[in-house]
Asks: 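Pasting a structure below so you can have a look.
If you're wondering where the values come from, they're calculated on a predicted model, not measured in any experiment. A, B, ... follow the sequence lines: proteins, then strands. Residue 1 opens every chain.
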Amino acid sequence: MAAVATCGSGVGTTGSAVATASKSNVTSFQRRGPRASGTNDSGPRLVSIAGTRPSVRNGQLLVSTGLPALDQLLGGGLAIGTVLLIEEDKYNIYSPLLFKCFLAEGIVNGHTLLVASAKEDPANILQELPAPLLDDNSKKEFDEDVYNHKTPESNIKMKIAWRYQLLPKMEIGPVSSRFGHYYDASKRIPQELIEASNWHGFFLPEKISSVLKVEPCSLTPGYIKLLQFIQNIIYEERFDGSNPQKKQRNVLRIGIQNLGSPLWGDDICCAENGSNSHSLTKFLYVLRGLLRTSLSACIITMPTHLIQNKAIIARVTNLSDIVIGLESFIGSERETNPLYKDYHGLIHIRQIPRLNNLICDESDVKDLAFKLKRKLFTIEAEVQKGVSRATFLLDGPRKKLFPCLFQLLEVACIPWLMASSSIFKASNIGLSPSYVTNSGFFSASLFHF
Amino acid sequence: MFVELNNLLNTTPDRAEQGKLTLLCDAKTDGSFLVHHFLSFYLKANCKVCFVALFQSFSHYNIVGQKLGVNLTVARERGQLVFLEGLKSAVDVFFQTQEEPHPLQFLREANAGNLKPLFEFVREALKPVDSGEARWTYPVLLVDDLSVLLSLGMGAVAALDFIHYCRATVCWELKGNMVILVHDSGDVEDEENDILLNGVSHQSHLILRAEGLATGFCRDVHGQLRILWRRPSQPTAQRDQSLTYQYKIQDRSVSFFAKGMSPAVL
């Protein structure tokens, strides 16, 4: 169909004329039209959607998780059609920040959001999203007045780039075309961005009051409602590719908060052998089925430390694609441990999927710690106190206004936990004096394996 | 199909044994490369393959299969491959009522039923067609993976019944082969999974067990493969033969070597 369209538009004839021309096959001249989007979608769809990029390894379409350093550890980003499961830290302090960065990244890129929660109204969640740190150029396109009053320097800039004043203040569509942004956790996202974005909210207490229409299966009613809601949105807004004529494709970002907690009606956090212990795993399976057949990516935070039955955690891990565990030091003896005095917790990357491939992009760094400085969230891996911190800080934002970073750092003082092949690396790196003193009783003989 | 693994197992697509149940098991690592190996192996051996793929989508297996030299789309069109895509079918079953019994009908049921519709699907897919000429050599059933059925609400006994029925039909009646993948939960006490794993391993002729290294992550050695040949029907007068190799997965193949003989170390 697409070929006929291009030939028709070029030659200016109707479809029948083109058909006769192709039947005759007299001339060897073939019109080369642009490849339309009506290609067979058995492979990954490499369309140019804002905020996505193809993976270098297998061509999968990736979206950013909102933390560029986490993207790097996951091999480029979160693949479309997959589930990112975050095992919440004990007091649920840091996992909401990752959750909100994911959603904020969706707003900045112009993706559609679907926020589901049993605890908070999704509208309130969106109000609390962190503000993005954008480059100077894109900042001029909105919020100009604030900067006009600040310094005369910015006024000069505005004069040189006078054309920007003619642009409308509110940008509809993706604010920035970069992949992965940094966020300032102390500031709220501008209200215009939220209003300009397309989002759907699922707040469980509102939805659960209506009558169930599906026959009872072993899922809890909250999960059934949520699945139906997600499927509805995917179908109505054509994220499943059912309408190939639509030119502008977009990505649906789904965020589900505190899945598995008792607020969802599930009792796996309360009892070891509950009545419907398969509810959560069935939900995840059907959700992954929905995601695989649509242009969407999902983030789920789950309080796995509350789940009584460890077998369920193993099954949930197997059914998710990427699993990240956060372990904060609050309240544990590690808080006072001098090794960890700079960090707020550990981050464990428990599973990375092998999609369309035999191998996956596992990073060699296995001991990662995170730090939430004053405001921002970035990730940084530190191998040695002196050397690598400098190199990775260059990845951070140029402004360095308030370098509050959610930093992922490799704990420098436990060298034998690194990959055994990198033991060879350690012998090549000169040990700086600060490293030796910090390692304390870790003598150099450990390197002789 | 990994040529090195064929050498270790002492088989080729031309002269593979029939009527065998192979168990693939992975503990603390991902054993899906074995599934891709057997899928491409049996497609190249010109067998009729029924693939119950509950874990990943069709395009995933297709893309990896193309790296290994088989085209699943073509095989499906030719009728050589019958593919049950679990993820897509689950969405269909869950959101729309089906008129005829669907293989994954149990997703709509509240109580753990049995896997009879799934068995009927397999039997229908692998039954010999009376077309006169024998197009395919022998039927093969591939399941990836069985532990997902436990997560979807089936009991271990129901899954074992399903395997038993399939073995009676595919291995004994139709003289075909079966390849099943089961996850080993290891130290996590998943009783249902342990029952399932023990049950299937007692019925199997060949067990391939992919394990992670005991010392943790290594960039050059991705894991350890234990191969165990068994004779479940005969009394074990001789010891079951067992071999252990370590492996490294590459883009299109897997290289095997003896323990400690990784090329990176030598």
Asks: Once you round to the nearest 0.5 Å, how far does CG of A:Asn309 lie from CG of B:Asp190?
Replies: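 Here the interatomic distance stands at 7.5 Å.
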
Asks: Nearest 0.5 Å, what's the CG-NE2 distance between B:Leu107 and A:His278?
Replies: 12.0 Å

Asks: Based on non-hydrogen pairs under 4.5 Å, which of B:Val93, B:Asp251, B:Asp145, B:Val148 is most in contact with chain A?
Replies: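 Heavy-atom pair counts peak at B:Asp251.
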
Asks: Please classify the contact between A:Leu227 and chain B as side chain, backbone, both or neither, with a heavy-atom cut-off of under 4.5 Å.
Replies: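 Contact with chain B is through both the backbone and side chain of A:Leu227.
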
Asks: Would you sort out whether B:Phe95 and A:Val286 count as a side chain to side chain contact (heavy atoms under 4.5 Å, CB included), showing the intermediate values?
Replies: CA-CA 10 Å; B:Phe95 291 109; A:Val286 180; 4.1 Å; yes

Asks: Are there over 12 heavy-atom neighbours, none belonging to B:Glu189, within less than 6.0 Å of that residue's CD?
Replies: no

Asks: Nearest 0.5 Å please: distance from the OH atom of A:Tyr285 over to the CG atom of B:Leu104.
Replies: 6.5 Å

Asks: What part of B:Leu150 is in contact with chain A, defined as an atom under 4.5 angstrom from a non-hydrogen atom: side chain, backbone, both or neither?
Replies: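 B:Leu150 touches chain A through backbone and side-chain heavy atoms alike.
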
Asks: Output the option from A:Leu319, A:Ile312, A:Leu290 having the highest count of non-hydrogen pairs under 4.5 Å with chain B.
Replies: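 Answer, by heavy-atom pair count under 4.5 Å with chain B: A:Leu290.
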
Asks: Side chain, backbone, both or neither: which part of B:Glu85 has a heavy atom under 4.5 Å from chain A?
Replies: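 Neither part.
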
Asks: Does any backbone or side-chain atom of B:Phe55 lie under 4.5 Å from a heavy atom of chain A? Answer side chain, backbone, both or neither.
Replies: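 B:Phe55 touches chain A through backbone and side-chain heavy atoms alike.
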
Asks: Using a 4.5 angstrom heavy-atom cutoff, name the option from B:Gly86, B:Ala90, B:Gly216 with the most pairs to chain A.
Replies: B:Gly86

Asks: Find out whether the Lys NZ or Arg CZ of A:Arg354 is both under 6.0 angstrom from the six-membered ring centre of B:Phe33 and within 45° of the ring's axis.
Replies: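 No, A:Arg354 does not lie over the aromatic ring of B:Phe33.
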
Asks: How far apart are the C-alpha atoms of B:Lys67 and A:Leu358, what are their side-chain angles, what is the distance that settles it, and do they pass the side chain to side chain contact (heavy atoms under 4.5 Å, CB included) test?
Replies: CA-CA 9 Å; B:Lys67 294 190 181 191; A:Leu358 285 171; 5.9 Å; no

Asks: Once you round to the nearest 0.5 Å, how far does CG of B:Leu87 lie from CZ of A:Arg288?
Replies: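 Those atoms lie 5.0 Å apart.
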
Asks: Within the supplied structure, the quantity of interest is the number of heavy atoms (other residues, nucleotides, ligands) at a distance under 6.0 Å from B:Lys116 NZ; does it exceed 12?
Replies: no

Asks: What's the separation between atom OG in B:Ser59 and atom CG in A:Leu355, rounded to the nearest 0.5 Å?
Replies: 9.5 Å

Asks: Report the distance from atom OG of A:Ser277 to atom CD of B:Glu192, rounding to the nearest 0.5 Å.
Replies: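 Going from OG on A:Ser277 over to CD on B:Glu192, the span is 8.5 Å.
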
Asks: Please classify the contact of B:Ser185 with chain A as side chain, backbone, both or neither, using a heavy-atom distance under 4.5 Å.
Replies: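 Neither; nothing under 4.5 Å.
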
Asks: Can you name the closest pair of heavy atoms from B:Val188 and A:Ala314 and give their distance?
Replies: CG1-CB, 4.1 Å

Asks: Please step through side chain to side chain contact (heavy atoms under 4.5 Å, CB included) for the pair B:Gln250 and A:Ile359, ending with a clear verdict.
Replies: CA-CA 7 Å; B:Gln250 284 137 358; A:Ile359 40 184; 5.7 Å; no

Asks: Does the side chain to side chain contact (heavy atoms under 4.5 Å, CB included) test come out yes or no for B:His60 and A:Arg292, once each step is laid out?
Replies: CA-CA 10 Å; B:His60 166 80; A:Arg292 288 287 200 267; over 6 Å; no

Asks: What is the minimum heavy-atom distance between A:Gly289 and B:Val91, and which atoms define it?
Replies: C-CG2, 3.5 Å

